[in-house]
Amino acid sequence: MASIAGGEFRVLLSNDGGSSYKGFALESDCSFELNAETRETTSKEDASFRSYVTSAKTWTVSGSGLFGDSATDWDPDELYDFIGTSVTLKITPCDIGTVTPTTGKQNISGSAILTQLSGSFADKDNATYSFTLQGTGAWTEATNS
C-alpha cells in the first residue's frame, strides 16, 4: 500500500452551496476529526465497571495558514464574514500547488459552520491564522471526477 503525502490534501470552502470552491489562502496544514459521543448506561448489574453506548457522532475540520493575499483562495479577512454561518466544505487531494481536486481520488464533503478563526502575529516570525469548522449533519465520501 502506498502512503499519501499530507501536502496533497486541501480544505476547499464554498459559500454558494457547492457550485464553486476556493481553498484557504496559504494553507499550511489541515486535519479531520470524527468523534463518537456517549451516554452512560451503567446499572447495578455492571458491577464496578461503567457502561456506555454511542449517542451521537460529530466531526470537525481544522487547520492553519500564513496571512497573505491570494487571487484564487479565501483570504483570512474574507473568512471573517463566514463566522457562525453554514458553508459547504470538501477535503480532497489536489494537484500539487493548486486547489484542483485530483481526478479519481476520494474526497470528504459536507455542511459545516465556521466556528473559529484566529490570527497570531509573533515578532520576527510569520503572521499565521487558524480555523475550525464544526460539521453539521453527516459527511459524505465521493470520488473526484
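Computed from a predicted structure; not experimentally measured. Just the heavy atoms: all of them, side chains too, but no hydrogens, waters or symmetry mates, feed the values below.
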Would you please name every residue forming a side chain to side chain contact (heavy atoms under 4.5 Å, CB included) with Glu8, sequence neighbours left out?
Ile4, Ala5, Pro93, Ile96
Can you give each donor-acceptor pair under 3.5 Å made by side-chain atoms of residues 103-110, sequence neighbours left out, with the distance rounded to 0.1 Å?
unit_1	atom_1	unit_2	atom_2	d
Gln106	OE1	Thr143	OG1	2.6
Asn107	ND2	Asn144	OD1	2.7
Ser109	OG	Thr140	OG1	3.1

Interatomic distance, CD1@Ile113 vs CG@Leu89, rounded to 0.5 Å, equals 11.5 Å
Asp16 meets the side chain to side chain contact (heavy atoms under 4.5 Å, CB included) criterion, sequence neighbours left out, with Ser14, Ser19, Ser20
Output the distance between atom OH (Tyr129) and atom CD (Gln116), rounded to the nearest 0.5 Å.
11.5 Å
Determine which pairs satisfy ring-ring contact (aromatic ring centres under 6.0 Å, His included) with at least one residue from residues 104-123, sequence neighbours left out, and list them in order.
Phe67-Phe121
So which atom in Ala25 and which in Pro76 form the shortest heavy-atom distance, rounded to 0.1 Å?
CB-CD, 4.5 Å
Ile83 and Val11: same hydrophobic cluster, using ILVMFWY side-chain contacts below 4.5 Å?
yes
Quick check: is Leu26 connected to Ile91 through a chain of hydrophobic side chains (ILVMFWY, heavy atoms under 4.5 Å apart)?
no
Donor-acceptor pair, side chain of Gln134 and main chain of Trp59, under 3.5 angstrom:
yes
Residue pairs involving residues 25-58 (criterion ring-ring contact (aromatic ring centres under 6.0 Å, His included); sequence neighbours excluded):
Phe32-Trp139
Taking only residues at least two apart or on different chains, which pairs with a member in residues 75-107 satisfy ring-ring contact (aromatic ring centres under 6.0 Å, His included)?
Trp74-Phe82
Residues that Asp77 engages under side-chain hydrogen bond (donor to acceptor under 3.5 Å, both in side chains), provided they are two or more places apart:
none
In the single-linkage hydrophobic clustering (I, L, V, M, F, W, Y; side-chain heavy atoms under 4.5 Å), do Leu79 and Val87 co-cluster?
yes
Shortest non-hydrogen separation from Thr54 to Ala36 and the atoms involved:
CG2-CB, 4.1 Å
List for me each residue that meets side chain to side chain contact (heavy atoms under 4.5 Å, CB included) alongside Asn126, sequence neighbours excluded, and say none if there are none.
Leu66, Thr128
Are the side chain of Ser28 and the backbone of Ser64 linked by a donor-acceptor contact shorter than 3.5 Å?
yes
Do any pairs count as a salt bridge (charged side-chain N to carboxylate O under 4.0 Å, His left out) and have a residue in residues 30-44, sequence neighbours left out, and if so which ones?
Glu40-Arg50
Which atom pair, heavy atoms only, marks the closest approach of Ser86 to Thr136?
OG-CG2, 4.4 Å
Going by salt bridge (charged side-chain N to carboxylate O under 4.0 Å, His left out), name the residues that satisfy it together with Asp73, two or more places apart in sequence or in a different chain.
Arg10
Under a plain distance cut-off of 3.5 Å, with no hydrogens placed, do Ser118 and Ser130 share a side-chain donor-acceptor pair?
yes
Which other residues end up in the same hydrophobic cluster as Tyr21, if Ile, Leu, Val, Met, Phe, Trp and Tyr are linked when side-chain heavy atoms come under 4.5 Å apart?
Leu12, Val99
Where do Ala112 and Leu133 come nearest, in terms of heavy atoms and distance?
CB-CB, 4.0 Å
May I ask you to decide if Thr132's main-chain N or O and Thr115's side chain share a donor-acceptor pair within less than 3.5 Å?
yes
Sequence neighbours excluded, the answer for side chain to side chain contact (heavy atoms under 4.5 Å, CB included) partners of Ser31 is Ser62
To the nearest 0.5 angstrom, please state how far the OG1 atom of Thr85 sits from the CG atom of Asn15.
8.0 Å
